[in-house]
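The structure under discussion appears below in the form of structure tokens.
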Amino acid sequence: VQLQASGGGLVQAGGSLRLSCAASGRPFSSYGVGWFRQGPGKEREFVAAISWGGVRPSYADSVKGRFTISRDNAKNTVYLQMNSLKPDDTAVYYCAAGLETTPWNHEYDYWGQGTLVTVSS
């Protein structure tokens, strides 16, 4: 599976962005997908994940109520809608696919290249 993340950019605090993770290769619908991020000088951290069927989405506490993960298997795409963005959300965001849907990055087998989100105060 090849993953391509897009949709990052510069936004003011309080604004919104929608990230996309487009997949090609093996049937995407068989995989759970997670979003992770890595801010400046920080370790990569879990953001959100969604199972292959689109049920049981999970979120990091820091983004609950602001971010929404969804998927369209017909389009081989997973989305991350990010609202009420804060400067602390500034990071490179990565999507990843794996057979399990977990918050642990080592459980994912395939990774996209990342898209930069910058939130200005």
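Here the structure is a predicted model, which is why all the values come from computation and not from measurement. Residues take their numbers from the sequence shown, with the count starting at 1.
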For residues 78-85, run the donor-acceptor check on the side chains, cut-off 3.5 Å, and write out each pair with its distance to 0.1 Å, sequence neighbours left out.
from  : atom 1 : to    : atom 2 : distance (Å)
Gln81 : NE2    : Asn83 : OD1    : 2.9
Asn83 : OD1    : Ser16 : OG     : 2.9

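- The two atoms that bring Thr77 and Ser20 nearest to each other are CG2-CB, 4.2 Å, heavy atoms only.
- Tyr59 and Tyr108 fall into different hydrophobic clusters, where Ile, Leu, Val, Met, Phe, Trp and Tyr residues are linked whenever their side-chain heavy atoms come under 4.5 Å apart, directly or through other members.
- The OH atom of Tyr94 lies 9.0 Å from the CD atom of Gln113; values are rounded to the nearest 0.5 Å.
- Taking every heavy atom of both residues into account, Pro87 and Ser121 meet most closely at CG-CB, 3.9 Å.
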Assess whether side-chain contact (heavy atoms from CB on, under 4.5 Å) is satisfied between Val117 and Val92, documenting all intermediate values. CA-CA 6 Å; Val117 172; Val92 177; over 6 Å; no
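- At a threshold of 4.5 Å between non-hydrogen side-chain atoms, the residues Lys75 and Asn73 do not count as touching.
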Show the atom names and distances, to 0.1 Å, of all donor-acceptor pairs under 3.5 Å that link a side chain in residues 99-106 to residues at least two apart or in another chain.
from   : atom 1 : to     : atom 2 : distance (Å)
Thr102 : OG1    : Trp104 : N      : 3.1
Thr102 : OG1    : Trp104 : O      : 3.4

Enumerate donor-acceptor pairs with a distance under 3.5 Å from any side-chain N or O in residues 4-11 to protein atoms, sequence neighbours excluded.
none

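- When ring centroids are compared, Tyr110 and Tyr31 come within the 6.0 Å threshold.
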Without placing hydrogens or testing angles, list every side-chain donor-acceptor pair under 3.5 Å for residues 37-50, not counting sequence neighbours.
from  : atom 1 : to    : atom 2 : distance (Å)
Arg37 : NE     : Glu45 : OE2    : 2.6
Arg37 : NH1    : Asp89 : OD1    : 2.9
Arg37 : NH1    : Tyr93 : OH     : 2.9
Arg37 : NH2    : Glu45 : OE2    : 3.2
Gln38 : NE2    : Lys42 : O      : 3.1

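- Smallest separation of non-hydrogen atoms from Ser51 and Arg56: CB-NH2, 4.2 Å.
- Pairs passing the disulfide bond (SG atoms under 2.5 Å apart) check and including a residue from residues 78-121, sequence neighbours excluded, read Cys21-Cys95.
- Looking at residues two or more places apart in sequence or on another chain, you find a ring-ring contact (aromatic ring centres under 6.0 Å, His included) between Trp111 and Phe36.
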